[in-house]
4 protein chains.
Amino acid sequence: MPNSSPKAEPTPPWPKHRKTEPGACSGLRVGPAQGAHAQANPCFPMPDLPRTKPAALRRDALLDAAERLFRERGFAATSVDAIVAAAGVAKGTFYLYFKSKTASLVALQDRFVFQFRDAIEQAVGAHVDWSDRLDAWITAALNGYLDQTAVHDVVFHEVRPCARRIKSNHLVIQSLALLIEGGAATGAWRTEDARLTAVMLFSALHGAADAAIAGLTPLDRSACLAAVLRFCRRVLGLA
Amino acid sequence: MPNSSPKAEPTPPWPKHRKTEPGACSGLRVGPAQGAHAQANPCFPMPDLPRTKPAALRRDALLDAAERLFRERGFAATSVDAIVAAAGVAKGTFYLYFKSKTASLVALQDRFVFQFRDAIEQAVGAHVDWSDRLDAWITAALNGYLDQTAVHDVVFHEVRPCARRIKSNHLVIQSLALLIEGGAATGAWRTEDARLTAVMLFSALHGAADAAIAGLTPLDRSACLAAVLRFCRRVLGLA
Amino acid sequence: MPNSSPKAEPTPPWPKHRKTEPGACSGLRVGPAQGAHAQANPCFPMPDLPRTKPAALRRDALLDAAERLFRERGFAATSVDAIVAAAGVAKGTFYLYFKSKTASLVALQDRFVFQFRDAIEQAVGAHVDWSDRLDAWITAALNGYLDQTAVHDVVFHEVRPCARRIKSNHLVIQSLALLIEGGAATGAWRTEDARLTAVMLFSALHGAADAAIAGLTPLDRSACLAAVLRFCRRVLGLA
Amino acid sequence: MPNSSPKAEPTPPWPKHRKTEPGACSGLRVGPAQGAHAQANPCFPMPDLPRTKPAALRRDALLDAAERLFRERGFAATSVDAIVAAAGVAKGTFYLYFKSKTASLVALQDRFVFQFRDAIEQAVGAHVDWSDRLDAWITAALNGYLDQTAVHDVVFHEVRPCARRIKSNHLVIQSLALLIEGGAATGAWRTEDARLTAVMLFSALHGAADAAIAGLTPLDRSACLAAVLRFCRRVLGLA
DNA sequence: CATGAATGAGGTTTCATTCAT
DNA sequence: CATGAATGAAACCTCATTCAT
């Protein structure tokens with residue numbers, strides 16, 4: 001891999017090695033031209049560490065690298081070069097796993113959604129009382145959001161056409177809407193339009209979290225949670 | 001005559017854009033290349049309209065063109081070339097008025113902010129009763145938002161680091177917070193934390209609007225407004 | 001919607017070169033657009049010669065092209081476009097090997113320095129007598145300089161802040177200073193300040209060469225050399 | 001340092017100009033478009049200070065501004081915009097006095113040459129003894145050079161095609177050559193080739209000054225001068 | 001599975017110069 | 001004498017993607 005380019009040597013020191021003289025090569029090639037990598041005695045070449053990994057692991061490694069970089073510098077500002085450097089693979093490898101840079105963002109979204117939803121539903125599932133379920137939902141959502149802010153942002157913000165935020169959170173809101181409907185059906189609370197209420201409550205929660213993150217409210221996390229819970233109960237006529 | 005310091009980047013001070021004596025020149029209008037001005041029948045070319053305009057008008061024209069294009073294709077997808085073509089001026093003229101493409105986006109934000117705030121405050125100012133003022137605020141905000149969605153999106157979405165949305169809306173939320181505080185002070189309603197309540201109410205309003213735009217709720221605009229108003233009143237213990 | 005901080009330049013993080021999803025792309029060789037490679041008869045298109053070369057060769061080819069063009073038209077007047085055209089590669093390839101146009105000039109300097117120094121020291125090394133060594137140094141330097149004038153000029157003239165010429169020649173002068181000191185130590189000649197004497201002798205040599213090149217003196221190369229040698233000996237009290 | 005060809009257009013004269021008929025004026029022009037100048041209260045307009053100056057003064061002011069900027073940032077890196085800003089005039093005014101940016105550099109060269117030569121000849125003229133005249137010449141040249149380094153550099157370095165340095169200093173060297181010849185004619189010293197000796201001595205002086213400026217020699221100005229004088233005398237067989 | 005040299009369209013920005021007022 | 005809005009060619013540099021090995 002005769003890299004004489006001035007670009008910084010990619011993070012991982014364990015180098016990848018290009019192996020051979022290609023057969024149909026131009027007569028010009030005078031030497032082995034192995035670049036600066038041939039640090040070992042060329043007479044006793046290292047038996048080429050295996051560079052391969054199970055596909056799933058490699059894919060995850062790439063996804064991890066991408067997520068970190070997207071978070072740190074934004075999607076558009078992150079080049080595929082940077083991702084592969086961070087993952088310690090060659091450029092082509094990236095395209096072995098993702099059709100495009102955008103495709104890797106979508107993969108990240110899937111990963112996020114799956115985990116986020118899972119966490120909420122698991123929390124809710126532990127309760128039977130409707131009021132408890134509501135509290136659990138709100139709590140899990142707020143915590144999850146606060147914990148994953150950076151990822152959430154990058155994953156849902158950086159896409160054009162900047163789909164309405166609501167749309168992105170469709171599944172999560174649906175979950176809340178069902179909860180609200182369920183509670184209403186059993187008389188736990190009253191609501192005119194479960195779906196729209198869910199939308200607004202979720203948005204309120206989101207906004208409170210954003211404010212907390214932005215440092216615009218002096219409240220700590222638990223106080224924030226308390227405020228959101230109170231807000232919800234009031235909307236649903238609980239308190 | 002070697003240079004002892006081997007790798008130091010020598011100060012590279014040449015201008016990057018023109019390397020040769022320009023000689024015969026740019027300003028020379030030799031052909032029909034009059035840019036986008038030639039809107040009239042090319043068979044009867046105008047005898048050289050003066051191309052200058054008062055600076056303010058030119059600036060506005062550029063801003064208008066930029067806003068339209070940003071709305072239609074997004075900020076990043078809009079090239080300065082496109083903007084100047086739409087405005088009917090040369091590329092350099094753009095940079096006469098804005099330091100960079102990004103700077104033009106900022107100018108757009110300023111314009112938007114000014115108008116949006118103005119509209120809300122004007123609507124509120126027409127009422128004295130606190131409840132009416134609240135309703136007016138909500139109504140004006142929702143309508144304003146629904147009317148200006150496209151601009152709003154482009155103007156506030158395309159910036160990194162995607163500052164918390166809440167932050168961007170700081171001024172507007174502040175306005176709502178003051179309103180809520182004012183009402184609370186006179187006993188028009190009760191609230192524990194005017195600021196956080198404002199944040200959440202504004203977010204809820206925003207979310208409802210987004211849902212309406214995204215077509216996720218079957219309600220029309222007035223029904224949406226009614227729902228939001230009801231939501232607000234409930235939160236403030238009014239109804 | 002409004003953004004409270006009015007004028008702050010928002011971090012502008014989008015990549016500057018590609019704004020839309022690239023989709024089907026550049027690398028795709030769809031047409032005959034094979035760049036400057038198609039040197040063979042276009043009627044019988046080569047079945048896609050491999051375009052890759054060992055990095056070192058490509059780098060050298062680029063450097064050669066750059067040197068020639070810099071010499072012919074000057075650094076600033078040479079565009080990267082011209083360089084890559086001359087080297088028969090795409091624009092991006094240039095930036096694969098050099099971080100910037102300036103960086104390629106630096107690479108050229110390195111190349112020149114290496115060769116120039118080598119030549120002088122090799123010539124000197126063939127002698128043991130101090131006087132012979134001095135003559136050899138002067139001769140090699142003058143010849144080398146006269147032979148490489150064009151390269152020398154471009155390589156050391158085009159940089160700002162036009163570091164004192166002396167500085168650029170630091171290594172070479174150092175070599176001369178050591179020689180003078182060595183001779184003085186063994187009583188071959190006398191000198192008050194070896195370093196400053198080296199500086200002045202080297203400058204005198206340089207000046208004589210410049211005059212010869214500029215055609216300001218009617219002497220041929222050997223006469224010029226003789227004059228410089230005589231000058232030096234006189235300064236060192238040899239003749 | 002003088003450039004022998006005084007007024008010659010540096011490079012082929014570039015054609016220019018265009019002329020068009022103004023024709024009818026658009027109705028769009030609404031104001032006088034006075035730009036940012038109208039800083040005073042428009043209701044009580046300042047009675048327009050006269051902005052005009054005698055041509056010679058304005059020209060000098062522009063030249064001063066240009067010299068300072070060229071010195072600080074280099075010729076190419078200095079824009080006409082910067083010059084006019086520094087001189088406090090409008091862009092067009094610059095072109096009223098200089099045909100191009102390059103022309104202003106040439107004007108600067110003339111100014112420099114005139115002053116430098118004058119200073120040396122005046123110093124020499126005060127002596128009659130040949131040895132004193134030589135000393136005076138060297139002293140004045142070294143001092144003048146050390147005092148005017150920055151200007152000298154910018155004025156003689158930034159032009160393409162980087163004429164041999166020797167050529168630029170033609171007049172000054174000629175002056176030295178005549179001095180050496182004169183002394184030789186009267187038997188004050190001996191020399192084989194006055195012209196070449198002058199070249200080399202001047203170069204040595206130049207080199208010593210450069211080294212001093214670059215901080216490569218620990219000597220102060222008077223020590224440097226002493227060394228150069230000693231060097232010269234040795235070359236001419238004086239000491 | 002993996003590599004990495006090569007591509008090249010596309011973008012932003014600069015600034016010398018003109019000319020109508 | 002002076003202005004300054006407008007021009008527009010031309011430069012540098014980026015990076016998503018391909019494909020021969």
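So you know, we letter chains A, B, ... as the sequences are listed, proteins then strands, and number each from 1.
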Item to check | Shortest side-chain distance from Ala90(B), nucleotide among dC12(F), dC1(E), dG8(F) | outcome: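 Side chain of Ala90(B) sits closest to dG8(F).
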Checklist entry - With respect to the side chain of Ser79(A), which nucleotide from dA6(F), dC15(F), dT3(F) is positioned closest? => result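 Nearest to the side chain of Ser79(A) among the choices is dC15(F).
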Item to check | Results of side-chain hydrogen bond (donor to acceptor under 3.5 Å, both in side chains) for Asp64(D) - residues two or more places apart only | outcome: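 If we apply the side-chain hydrogen bond (donor to acceptor under 3.5 Å, both in side chains) test to Asp64(D), skipping adjacent residues, the hits are Arg111(D).
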Item to check | Results of side-chain hydrogen bond (donor to acceptor under 3.5 Å, both in side chains) for Arg68(A) - residues two or more places apart only | outcome: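 Glu72(A).
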Under 4.0 Å: is that the gap between some side-chain N or O of [X] and OP1 or OP2 of [N]?
{"X": "Tyr97(C)", "N": "dA6(E)", "result": "yes"}
{"X": "Thr93(D)", "N": "dT3(F)", "result": "yes"}
{"X": "Ser100(A)", "N": "dA16(F)", "result": "no"}
{"X": "Tyr95(B)", "N": "dT13(E)", "result": "yes"}
{"X": "Arg58(C)", "N": "dA6(E)", "result": "yes"}

Between [atom2] on [N] and [atom1] on [X], what's the gap in Å once rounded to a whole number?
{"X": "Lys53(C)", "N": "dG4(E)", "atom1": "NZ", "atom2": "C1'", "answer": "17 Å"}
{"X": "Phe75(D)", "N": "dC15(E)", "atom1": "CZ", "atom2": "P", "answer": "13 Å"}
{"X": "Ile83(B)", "N": "dT12(E)", "atom1": "CD1", "atom2": "P", "answer": "8 Å"}
{"X": "Leu57(D)", "N": "dC1(F)", "atom1": "CG", "atom2": "P", "answer": "11 Å"}
{"X": "Lys91(D)", "N": "dA20(E)", "atom1": "NZ", "atom2": "C1'", "answer": "16 Å"}
{"X": "Lys101(B)", "N": "dG10(E)", "atom1": "NZ", "atom2": "C1'", "answer": "12 Å"}
{"X": "Leu62(D)", "N": "dC1(F)", "atom1": "CG", "atom2": "P", "answer": "13 Å"}
{"X": "Arg59(B)", "N": "dA5(F)", "atom1": "CZ", "atom2": "C1'", "answer": "16 Å"}

Item to check | Leu108(A) to Leu63(A) - nearest heavy-atom pair and separation | outcome: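 Looking at all heavy atoms of both residues, the closest pair is CD1-CG, 3.5 Å.
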Checklist entry - Quick one: on DNA chain F, does Thr78(A) or Leu96(D) contact a more 5' nucleotide (nearest heavy atom)? => result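 This one resolves to Leu96(D).
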Checklist entry - Nearest nucleotide by nearest heavy atom, which residue falls closer to the 5' end of DNA chain F, Phe94(D) or Phe94(C)? => result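 In this pair, the answer is Phe94(D).
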Item to check | Residue closer to the 5' end of DNA chain E, Gly92(B) versus Gly92(D) (nearest nucleotide) | outcome: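 Nearest-nucleotide comparison on DNA chain E picks Gly92(B).
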Item to check | Side-chain heavy atoms of Phe70(A) within contact of Ser104(A), under 4.5 Å | outcome: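 The answer is yes, as the side chains (C-beta and beyond) meet within the 4.5 Å cut-off.
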Checklist entry - Is there side-chain contact between Phe75(A) and Thr102(A), with at least one heavy-atom pair below 4.5 Å? => result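 Phe75(A) vs Thr102(A): side chains touch.
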Next on the checklist: Is it the case that the side chain of Lys53(B) and the backbone of Arg59(B) share a donor-acceptor pair, with hydrogens and angles ignored and the cut-off at 3.5 Å?
Outcome noted: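 Side chain of Lys53(B) to backbone of Arg59(B): no pair is present.
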Next on the checklist: Suppose we screen for ring pair (Phe, Tyr, Trp, His ring centres under 6.0 Å). Which residues come up paired with Phe98(D), at least two apart in sequence or across chains?
Outcome noted: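 Ring pair (Phe, Tyr, Trp, His ring centres under 6.0 Å) check on Phe98(D) returns Phe94(D).
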Please list every donor-acceptor pair under 3.5 Å in which a side-chain atom of residues 81-92 of chain C meets a protein atom from a residue at least two apart or in another chain.
unit_1	atom_1	unit_2	atom_2	d
Asp81(C)	OD1	Lys91(C)	NZ	3.2
Asp81(C)	OD2	Lys91(C)	NZ	3.3

Next on the checklist: So that I can compare with my own list, what are the stems of DNA chain E, taken as at least three consecutive Watson-Crick or G-U pairs with distances under 3.5 Å?
Outcome noted: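 Stem list for DNA chain E: E:2-21 with F:2-21.
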